[in-house]
Structures are given as structure tokens and as C-alpha cells.
Amino acid sequence: MASTEAMSPIVEIRNVTKAYRRGGQIVPVLTDITLDIHAGEFTALMGPSGSGKSTLLNLIAGIDRPDAGELRVDGLDVTALGETELADWRASHIGFIFQFYNLMPVLTAFENVELPLMLTPLSRAERRERVELTLAMVGLTDRQEHYPSELSGGQQQRVAIARAIVSDPTLIMADEPTGDLDRVSAGDVLGFMRRLNDEVGKTIIMVTHDAQAAKMARRILHLEKGVLTNGER
Amino acid sequence: MVIPIAYVARNLWTRRLTTALTAGGLALVVFVFATVLMLDAGLKRTLVTTGERDNVIVIRKGAENEIQSGISRDQARIIEMHPAVATGADGQRMASKETVVLISLLRRGDEKPSNVVIRGTSETGLGLRPQVKLTGGRTFTPGTSEIIVGSSIASRFDNTAIGDHLDFAQRSWTVVGTFDAGGSGFDSEVWGDVEQLMQSFRRTSYSSMVARLADPGLYESFKADIDADPRLANEMKREQLFYSDQSRALSTFINVLGLTLSIIFSIGAMIGAMITMYASVANRVGEIGTLRALGFKRRAVLGAFLLEALLLALAGGVAGLLPASLMQFASFSTVNFQTFADLSFRFILTPGIIVKTMLFAVAMGLIGGFLPAVRAARLNIVDALRAI
């Protein structure tokens, strides 16, 4: 029984379709996507611009809803959740890493990392302990009182990674995490994500254009015009 | 599940200039609102403190003020002898028969005359008003053409210094003293001997009577006796109530005019706050999307932007109240619509006014910030994240 559970996918996508309405026209973005992602996988979603990879990421992360199909994360049908329940679910299950870091410019590195913990019942002392530990993991202990404008791009992305993992979410969703970084910083960030996957067993889904970045993932999926092609590695 | 207050407050601080300009607009309205309330409070306090708690005033039935009133000498004698009137240490009844007349005097530096109350009173009348203190010279001598002037009169009208002469009622009256009545309406009066003033003004009856009750509990029976006595066509009121009633017309005017102006100005300030908050939302669409993606709910975003508007309003409230509080050092004079006499009073800031003013500021902020906050809360997460 235990082995069956271990084998069951953490993300189950069945016949998911999504279209957007643009200027009165319906533009299909994802067509009949069926996909399983297992716990502990580091998956890269690749494809040209407009192929629907970010939309697929948004659907899995619960910030967008499919038009049709089933989407289960950790056994839960996220499409059935209401707006408020979905917000709670994201807070406890999803960690986001964005291309442009999306840090709050008026909050310090410490406060940015603490943000997701404000949505948990943790005490102030517990939050402090968690944030300090996480910032230490990304090597930014000495930068915790710095504002984003006082940090380099690589450091800002490490703060964003710390924010994504501080609440120990089920999934880490990274949308072009190295898209705004130089090669060295990109290498650092990808290396850290790989270690998170290797050492802590975090499930990571990463959207990227960059073939070098995708090589860090254990599994690469290709999307072409909203359809998963069979170019899986 | 709320967005940290540091995020809200620092965003205001980051946009210091916009914040200051918007808060400044709110502050101007708050200033007008607060000063109107302070003016009204000053007027009420001035007229209420004019009366003494244990004193009663008797006027002619139907008269709204002392100027319109008349009490014959016979009536005055009957009222004075009523057992409810206290007896002083000298064995005299503590009742003052008074005459009140309006005269025109020139204000210093002004060519337009203003009405001033001349009160004919007696030593008993002075004793019935313990708040009245001589601040210069001496009191008038009964039987002479001597007068004393209230502090507001002395400071604002010509020929009111000690030794000066005022010509009215076919006589020249010598100012022999000045008095301070503790900010009450008496500060805007000129006092002299009642009999001399009645002769001069060719009056045969008094205007009013002020009496000290032997026991405050006797008020109702005294009042009932006056109402029931067929020889008397008078009515009695507690002195404090009588003077506070005198403020009603002017108070209503100040409130209606002042609050109407405040409401009109507040619309401008609320639109200013709304524009600022819309700009704040527009500048932070990406941040809002990120907060929502992290799990903050729509109501948390709504609350954060309402809190931002609230802090803006509080800053405007404090910025408006500070200069308003300085108005306490200024005095204001106008015609009391009830008596047609010039009345001087101060702006008074009370804890109640502070609370009302801050609530007014908060209401402006919340009304101005509501629609932008709703817009922030209703942003679609995916669209908001694309805005970065």
C-alpha cells in the first residue's frame, strides 16, 4: 500500500483545456493536456513564446482555472475550490519563483521572506526562526535587513527562493527563474534549485526558454501551440 | 491573514510628496471642520459660563432676551421678597434688578459702529457673578455716571480705557474700571448703576432680575409660584439655561454654514484621496498580483488599501488639527443674532471635537479610498502578474 502511494502522482492533469478571449476571438492556449508529475520530480516546461507553458504553470499553481478537464494536486481537485479556499490552498501548497523576483520593494529581505508565514498560525518567534534559517540556506543571513533595491539580481532571486520555500510548500513553481539573471547568477540559482530537489526532495516545476537551465531538471516537457509534444526526456 | 502594516505604511512613505499633498488637501478640510466646531463650542461655553449654576433669571413672559423684556418695579418687589430668594450676610435679598440696553460704539480702527450691551446693575448684581473680577481701576459708585467695561470691550472699542468718557443717553459716562468675566458673555458688556442708567434712558421698568436661590431644590416651586401669581407676567429660567438658549440662533448659523462648507470642501478632498489611491493601485498592480498568488485573499488586499487610505486620512487629520488647535489663541467677535449685540468669544478645542474631527478625516479617507481598494482587490491575479 505504501509503495502505491509513493508511486501516485502529486500532480494529475487530465484533458485540460484553456482558451482566452482576445478582441472577441477565442484563442486556444492549452488543448487537451494530460500529464502526471510525481513527488520529488524536477520538471522543466519548455516551448516557444505563446506555447502555453506559463498558463499551464498558472493552472497547476491555482492562480488560473481550466475551461475543461481535471486537475488534482496531492489528490485534491483544485478546480473545485472556491476563491477563498484556493487562496488558502496556494498559501500552504505552492511556492512561487518569478522571472523578475516580484519582491515587495518596501519590505526588507527578512520581511519579504516572512510574507507567506503571515498566512500561517506561527508565532512571531517561530516565524523569525524559520525566516533566519531559510535566509541562511540561501546564503543571505548578512543581507536580511537589506531592501531589494540594495541587492543584486542574483541576491534578489535568492530572497525570492527563500520566500518560496519558507512555508515548506508541496510544489515550487518557477516561471523563467533565470530569465533576468546573468550567467553566473543563473548558475547559482539553478544550482540551488537542483540541491533543493536532490537534498530536500522538493517537487519543482520550472518554465524556461533556456535549454541550459532546462538541463538542470530531471524531466523536460515540451509544449507547442498548447499541446504537449512527445519530446519528453 | 492581513498584509503587514509595515508594507502599507512604507508605501505611503515611499510616495512622500504625493502623500503629503493629499494629506495636505485633507488637512485643509479638517482645519475648516475643526474650527467650525471650535467656534461653536467657544460660543456655547461663553454663553453658558455667563450664567451661574444657582442663579435664576426672571424676564417678561414671551421675551426671548433681556433687551425685549420688562419687569415693573412692583413685580420686581414681589419677586425679590419670595422666600426662595437667598438672603445675604448683610441681610439683603440676593436679587439684582437690572436694565439692559443696546448702544452703538465705534470699534477701534473701524468706522462702522457695533451694538454693545449696557447693563445697569448693583453691588448685589456684582456679588451674584463671582466670575466677574476687576482687573483695573475700581467699580462704579452708585448714584454716579461711572461705568466699568468688560475685557473684550476694553480691548476692541474706542474710549474705553480707564479715565475715558463715553457719551450716550444724553450724558457723559466716565470709565472707572475694567473687569474680566472669565471668558463669559459679560466680557462684552459695559456696566453701570442701574438707577442712573434707567434715568438716563428714561426707563420706568427693569429689563430682568437675577436672584440666587436659597436652596437649589426650590427652583421648581419658585417657578410655579411665579407662573401662578396673577400680578406677575413673568417667567423664570436657570441663568445657565437662559444664556445657553441665547446661543441657539448663532450656533445654528455657524453649524449650518460651517458644516455645509466642510462637506463641499470634503468632496474635493475625497476626490484627491481617490486619485492618489487609484495611482497607488496602478503603480502596484504587480505587487498586488504577487500578494494574491502567495495566498493573500481579496479582502486582505482590500483591507491593506483601505488601511493605506486610513493612514493618509489620519495624517491629514493630525495635520489639520494642529493648526486648528492654535486657533485657541485667537478670539472672534460677531453679532449674537438673539440679542443683536456684539459678542466676543474664543475657539475652544475639546476632546469631543478632536474625536469628531478625526472621525470626519477617517470617513473622508475611507470614502475616497474605497473604490480604489475595491479595484485592487478585484484584480485578476494572472493579469496583475503580467503587469510586471
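Letters go in sequence order (proteins before strands), and every chain restarts at 1. None of these values were measured; they are calculated from a predicted model.
At a threshold of 4.5 Å between non-hydrogen side-chain atoms, the residues A:E114 and B:P4 do not count as touching. Side chains of A:N102 and B:E287 form no contact here, defined as non-hydrogen atoms less than 4.5 Å apart.
When heavy atoms are compared at a cutoff of 4.5 Å, B:L294 approaches chain A by way of both its backbone and its side chain. Neither the backbone nor the side chain of B:R284 comes within contact range of chain A; no heavy atoms are under 4.5 Å apart. Residue A:Q99 does not touch chain B at all, counting heavy-atom pairs closer than 4.5 Å.
Atom CZ of B:R10 and atom OG1 of A:T108 lie 6.0 Å apart (nearest 0.5 Å). We find the CE-CD1 distance between A:M118 and B:I3 to be 10.0 Å, quoted to the nearest 0.5 Å. Interatomic distance, OG1 of B:T290 versus CZ of A:R163, reported as 6.0 Å (0.5 Å rounding).
Most heavy-atom pairs under 4.5 Å with chain B: of the set A:T55, A:V106, A:D175, this distinction falls to A:V106. Put simply, of B:N11, B:T14, B:N380, the one with the most heavy-atom pairs under 4.5 Å next to chain A is B:N11.
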Legend entry - Worked verdict on B:L385 versus A:I63 for side chain to side chain contact (heavy atoms under 4.5 Å, CB included): CA-CA 10 Å; B:L385 286 173; A:I63 58 175; 3.7 Å; yes
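Contact between B:G295 and A:A91 at its shortest, heavy atoms only, is CA-CB, 4.0 Å.
Only one option out of A:L115, A:L107, A:N112 pairs with B:Y7 in a side chain to side chain contact (heavy atoms under 4.5 Å, CB included); it is A:L107.
Within a 6.0 Å radius of CZ in B:R15, more than 12 heavy atoms belonging to other residues, nucleotides or ligands are found. B:Q328 CD: more than 12 foreign heavy atoms inside a 6.0 Å radius. At most 12 heavy atoms of other shown residues, nucleotides or ligands fall within 6.0 angstrom of atom CD1 in B:I5. Heavy atoms of other residues, nucleotides or ligands lying less than 6.0 angstrom from CZ of B:F370 number 12 at most. Annotation for A:R124: atom CZ does not count as buried by contact number, only 12 or fewer foreign heavy atoms lying within 6.0 Å.
Both cation-pi conditions hold for B:R386 and A:Y20: the charged atom is under 6.0 angstrom from the six-membered ring centre and inside a 45 degree cone around its axis.
A donor-acceptor pair under 3.5 Å is formed between the side chain of A:R90 and the backbone N or O of B:A293.
Using a cut-off of 4.0 Å between Lys/Arg side-chain N and Asp/Glu carboxylate O, A:E83 and B:R299 are scored as not salt-bridged. Looking at A:E85 and B:K297, no side-chain N of the basic residue comes within less than 4.0 Å of a carboxylate O on the acidic one, giving no salt bridge.
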